[in-house]
Amino acid sequence: MIKIISDSTAYIPKEYIEENDITIIPLRVLFEDEEFEEGLPGSYDSFFEKFIRTKIFPKTSQPSVTMFMDCFNKIIDDGNEAIVFTISYTLSGTYSVANLAKAQCKNPEKITIIDSKNACQTTWGLIMETKRMIDEGLSRSQIILEVEKLQVGSTITFIPDSLEYLKRGGRIGKVGAAVGTLLQIKPILAFRQGNLGCTKKVIGINKAIAELISMIPKNIKRLFIVHIANSKFFEMIKDKLKGCYNVPTYEGEIGPVVAAHIGPAVGVAWIC
């Protein structure tokens, strides 16, 4: 049997994990002298309460080789094989760690590591499609080929509530952040194929949300409406998207590892 493993940055709800026997390997967060494993959606409130009222910048780290290897060996001992999804290698060393663990496990041929080339609910979407293909009886090699096709157009986009957190992370200068705040400039960030970039800068949240929605392709398979730290614009974008796409649509929460770089935000992700 093919088992699915993911790191915690896919932000998969607990119910889906339990229903589909998904194994989650957590990344770690260091914040206010406390180090902890990133949990599942629904468990982030206490972190965000502190995060939005302090100027301390969280640090993150990938899981250990041992954590991955123990998981791989258990699956192999049970007579199974695995497909493993990690956050994009451009954002984290998790993909490299997973490959090191594969090389040292009992039977590396039973393990396939996939760099999602993305993050967050886009990865969850790839996992959903993988689970569907497993249920249909496709082999590991067949599934990998199909996932590679799905990755090409799959994207996650964000509108940050503020430019403050991008400034703290060194992704925007102090002058740029000050001007952006003064003019109410909303950058639209997009992450696809391992690359994070600002696709457009729009004045005002209404125009930014309209621009974000216009970026969603017509041929999507799944749509995700996501937020970081209960963004104040979450309900607004949900209302704008209601009934627009005749595809499975999900709401999702993004956790501390990704939030550390973007701050409170609202976004949309899709699988093509």
Side-chain angles (χ1 to χ4, degrees), residues 4-20 22-64 67 85-88 91-94 116 118-128 156-169 171 189 191 196 212 222-238 241 249-270:
I4 298 174
I5 302 169
S6 173
D7 71 43
S8 59
T9 64
Y11 301 119
I12 306 172
K14 182 179 179 181
E15 295 77 15
Y16 185 89
I17 290 168
E18 292 177 347
E19 288 172 6
N20 296 280
I22 310 292
T23 299
I24 301 297
I25 305 291
L27 273 73
R28 299 190 65 82
V29 180
L30 177 61
F31 182 58
E32 292 190 331
D33 297 323
E34 179 187 2
E35 186 173 6
F36 57 92
E37 293 182 346
E38 184 175 48
L40 300 176
S43 68
Y44 310 137
D45 287 354
S46 61
F47 167 81
F48 284 128
E49 285 172 8
K50 298 175 184 177
F51 177 63
I52 61 178
R53 61 177 170 78
T54 180
K55 293 192 178 295
I56 297 173
F57 199 72
K59 296 180 181 179
T60 62
S61 61
Q62 62 264 22
S64 68
M67 186 173 287
F85 289 86
T86 74
I87 186 172
S88 174
L91 299 177
S92 168
T94 304
S116 71
N118 221 296
C120 309
Q121 279 72 12
T122 311
T123 306
W124 180 26
L126 295 175
I127 288 169
M128 285 178 160
I156 187 164
T157 59
F158 297 102
I159 302 172
D161 285 14
S162 142
L163 300 179
E164 174 66 22
Y165 296 87
L166 292 169
K167 182 188 78 174
R168 289 188 204 175
R171 296 182 183 273
L189 309 176
F191 191 80
L196 175 66
L212 184 70
R222 299 178 189 270
L223 179 64
F224 303 84
I225 306 169
V226 301
H227 71 90
I228 298 174
N230 297 308
S231 165
K232 58 188 176 182
F233 304 123
F234 186 51
E235 294 299 325
M236 186 184 298
I237 201 167
K238 279 169 57 179
L241 278 169
T249 302
Y250 311 86
E251 296 177 15
E253 182 182 19
I254 291 171
V257 170
V258 173
H261 303 287
I262 296 173
V266 67
V268 176
W270 58 84

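Just so you know, residue 1 is the first one in the sequence shown, and it goes up from there.
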Problem - Backbone N/O of V257 and side chain of E38: donor-acceptor pair under 3.5 Å - result: yes

Handout entry: Side chain N20, main chain I22, donor-acceptor under 3.5 Å
Key = no

Handout entry: Minimum side-chain heavy-atom gap T123-I87 below 4.5 Å
Key = no

Exercise for the section: Apply the side chain to side chain contact (heavy atoms under 4.5 Å, CB included) test between V266 and each candidate in I237, V226, T157; give the one that qualifies. Expected result: I237

Practice task
Please report the closest heavy-atom contact between Y250 and R222, naming both atoms and the distance.
Solution key: OH-NH1, 2.7 Å

Problem - F233 side chain reached by I159 side chain, heavy atoms, under 4.5 Å - result: no

Problem - Backbone N/O of G42 and side chain of E253: donor-acceptor pair under 3.5 Å - result: yes

Exercise for the section: Take the angle between the ring planes of Y11 and Y44 and call it parallel below 30°, perpendicular above 60°, tilted in between. Expected result: perpendicular

Fill in the blank from the handout: Scanning both residues in full, the closest heavy-atom pair of A229 with F48 reads CB-CD2, 3.6 Å

Handout entry: Interatomic spacing from CG in L241 to CG in L223 - rounded to 0.5 Å
Key = 6.0 Å

Fill in the blank from the handout: Rounded to the nearest 0.5 angstrom, the OG-CD distance for S43 and E37 is 11.0 Å

Exercise for the section: Answer whether the closest heavy-atom distance between the side chains of T86 and T94 falls below 4.5 Å. Expected result: yes

Handout entry: Gap separating the CG atom of L30 from the CD atom of E32, nearest 0.5 angstrom
Key = 10.5 Å

Problem - Non-hydrogen side-chain atoms of K50 and F31 separated by less than 4.5 Å - result: yes

Handout entry: Nearest atoms (heavy-atom pairs only) where P26 meets M67
Key = CD-SD, 3.8 Å

Fill in the blank from the handout: For A10 and I127 the tightest heavy-atom approach is CB-CD1, 4.4 Å

Exercise for the section: Report yes if the side chains of F191 and C120 come closer than 4.5 Å at any heavy-atom pair, otherwise no. Expected result: no

Exercise for the section: Measure the CG-CD distance between N230 and E49 for me, rounded to the nearest 0.5 Å. Expected result: 9.5 Å

Handout entry: Test item: side-chain donor near acceptor, N118 and S116, under 3.5 Å
Key = no

Practice task
Can you establish whether the number of heavy atoms outside K59 located under 6.0 Å from its atom NZ is more than 12?
Solution key: no

Problem - Pairwise side-chain contact, S6 with W124, heavy-atom cut-off 4.5 Å (strictly under) - result: no

Completion exercise
So CD1 of I25 and CG of L27: to nearest 0.5 Å the spacing works out to 10.0 Å

Handout entry: Test item: D161 side-chain N/O and S231 main-chain N/O as donor-acceptor pair under 3.5 Å
Key = no

Exercise for the section: State, yes or no, whether a side-chain contact exists between P160 and L189 at a heavy-atom distance under 4.5 Å. Expected result: yes

Handout entry: Reported OG1-to-CG distance for the pair T23 and D7, which is rounded to 0.5 angstrom
Key = 12.5 Å

Exercise for the section: Keeping the roles fixed (side chain from T122, backbone from A269), state whether a donor-acceptor pair exists under 3.5 Å. Expected result: no

Completion exercise
Nearest heavy-atom contact between G39 and S8 is O-CB, 4.5 Å

Exercise for the section: Report yes if the side chains of I156 and I254 come closer than 4.5 Å at any heavy-atom pair, otherwise no. Expected result: yes

Exercise for the section: May I ask you to decide if the ring planes of F47 and F51 are parallel, tilted or perpendicular, using 30° and 60° as cut-offs? Expected result: parallel

